[in-house]
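Shown next, in C-alpha cells, is the structure this report addresses.
Residue indices begin at 1 and follow the sequence shown.
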Amino acid sequence: MNNTRLLVLHALSPVHCGTGQAVSGIDLPIAREKPTGIPIVPGSSLKGVLRAQGTENDEHKAVFGPDTKNASDHAGAVQFGDVTLAFLPMRSLRGTFAYVTSPYLLRRLVRNLTETGFKNIPNMPPAFKAEEALVTGTTLSGGTPPRVIFEDFDFTPLDKTNWRLFAEFFAKLLPAGESVFFVDRACVVHDDVMALLLQTATEVTQRIRLAPDTKTVEDGALWSEEALPVESILVGLLAATPVTRKSGPALTLDQLLGHVGKLVEAGVIQVGGNATVGRGLCRIKLTKGA
C-alpha cells in the first residue's frame, strides 16, 4: 500500500512564507531552498495551517500529534514535506500570462509522481537551447517570425507533442477548472533562464504602517516584502507512518491521509503571512497514483 500522496498547491493570491531576515535588499524575502534557490512553502507552515483547520478529535490527534502538554505521548503519523515551486506565472505578450517551468523542475515533478505511484508518466521534453521555449500551441506565441515574450525575455517557440502530453497529464492533477487554461499556457524554458526568473520574477511590494493620528509613516515602518505571485503552482509530498499511541484505535494509512484530504478539500486555505490583507489564499489537492 502506497503511504504517500502528491500535494498540489495553487495560489489564488500572492503567498508570503518568509524567513524573517533580510536578503539582497529585500526586508522580508520568501523561503527558498538553499542549494537551488527554488521558492517553497515549508512543510511546518502547511502542517500548522491544516492542524488549525480541524477539531481535536482522535483522528486529528493521530495525524498531527497531541497538544503541547502531551507531546511526549506520540509523534504525528503524517509527515509534511516542503512544497516547492513547479510552475511560475509570468506575464506574457500573448495569452496574458504563462505557467513557466524548466527541465530541472520537471525532473523533480516526475520524481514526486513516481514516489506517489503514478504510472505511464509521459516522457520528459527534449533538450533545447537557452534562446528557445517549449510551448503547447500558439496561445503564447505570435509575430513573424513567431516569438514568445515574457517581460524582457523573448524566445523562439518550439511546439513539441510530448511536452503537450506531459502538460495534459499534470493538468488532471490540478484543482478543478484549471485543466484547459493551464495546458494552453504551459511553457518550458532552459534551466539557466529559470534560475534567473526565480530570483527576478517574484512579486516585491513596498509596505508602510501609518501613525493613527497623523496618518504619516511611523519611524522604521517602511519595508519591502517578497511573495510568490498569484497563479503559482507548487508541488510536494505527504507521507504517513503509523505510530504507537497510548490510547485510541490504530488507524490505517488511508484513514490518516484521508483525514488530511478532507481538510484540504474543505475550501480555500490561507497559508503564510498577511492573512488580513488577503495574502496566501490557496487551493490544495491531494492525489495518488492508480
Looking only at heavy atoms, which two atoms of Leu251 and Ala62 are closest? And how far apart? CD1-CB, 3.6 Å
Closest approach of Cys187 and Val135, non-hydrogen atoms and distance? SG-CG1, 4.3 Å
Member of Lys262, His259, Gln255 meeting the side-chain hydrogen bond (donor to acceptor under 3.5 Å, both in side chains) criterion with Glu59: His259
Carboxylate-amine/guanidinium contact Arg5 Asp254, below 4.0 Å: yes
Are the side chains of Leu88 and Met194 in contact, using a 4.5 Å heavy-atom criterion? yes
Distance from Lys119 atom NZ to Leu113 atom CG, nearest 0.5 Å? 12.0 Å
Show, in sequence, the C-alpha distance, side-chain angles and deciding distance for Leu9 and Val235, and conclude whether the side chain to side chain contact (heavy atoms under 4.5 Å, CB included) test is met. CA-CA 6 Å; Leu9 184 150; Val235 174; over 6 Å; no
For Val260 and Phe80, what are the C-alpha separation, side-chain angles and deciding distance, and is it a side chain to side chain contact (heavy atoms under 4.5 Å, CB included)? CA-CA 10 Å; Val260 181; Phe80 292 78; 4.3 Å; yes
Check: Val8 and Ile284 side chains under 4.5 Å, non-hydrogen atoms: no
Is there a path of hydrophobic side-chain contacts, each under 4.5 Å between heavy atoms of I/L/V/M/F/W/Y residues, joining Leu85 to Val49? yes
Could you tell me whether Lys285 atom NZ has more than 12 heavy atoms of other residues or ligands within 6.0 Å of it? yes
Would you call the rings of Phe166 and Trp163 parallel, tilted or perpendicular if under 30° counts as parallel and over 60° as perpendicular? parallel
Between Asp152 and Arg91, is the closest basic N to carboxylate O distance under 4.0 Å? no
Just wondering, do Leu198 and Pro39 contact through their side chains at under 4.5 Å, heavy atoms? yes
Is any side-chain N of the basic residue among Lys160 and Glu132 closer than 4.0 Å to the acidic one's carboxylate O? no
State, yes or no, whether a side-chain contact exists between Arg108 and Thr36 at a heavy-atom distance under 4.5 Å. yes
NZ or CZ of Arg185 within 45° of Phe181 ring axis and under 6.0 Å: yes
First locate atom OG1 of Thr287, then atom CG of Leu173, and finally report the distance between them rounded to the nearest 0.5 Å. 4.5 Å
Under the 3.5 angstrom rule, does the side chain of Glu231 hit a backbone N or O of Ile233 as a donor-acceptor pair? no
How long is the straight-line distance from CG of Leu281 back to NE2 of His10, given to the nearest 0.5 Å? 12.0 Å
Assess the residue pair Gln79 and Thr241 against the criterion (side-chain hydrogen bond (donor to acceptor under 3.5 Å, both in side chains)); give the C-alpha distance rounded to whole Å, side-chain angles, the decisive distance to 0.1 Å, and a yes or no. CA-CA 8 Å; Gln79 295 80 51; Thr241 305; 3.2 Å; yes
Just so I know, are the side chains of Phe153 and Leu197 near enough to count as touching, which here means a heavy-atom distance under 4.5 Å? yes
Going by the angle between their ring planes, with limits at 30° and 60°, are Phe182 and Phe170 parallel, tilted or perpendicular? tilted
Rounded distance (nearest 0.5 Å) linking atom CZ of Phe87 with atom OG1 of Thr101: 4.5 Å
Are side-chain heavy atoms of Val183 and Arg164 found at a separation under 4.5 Å? yes
With a 4.0 Å cut-off on N to O distance, would you call Arg107 and Asp191 a salt bridge? yes
Can you find a pair of side-chain heavy atoms, one from Val15 and one from Arg279, that are under 4.5 Å apart? no
Which class fits the ring pair Phe64 and His60: parallel under 30°, tilted 30 to 60°, perpendicular over 60°? tilted
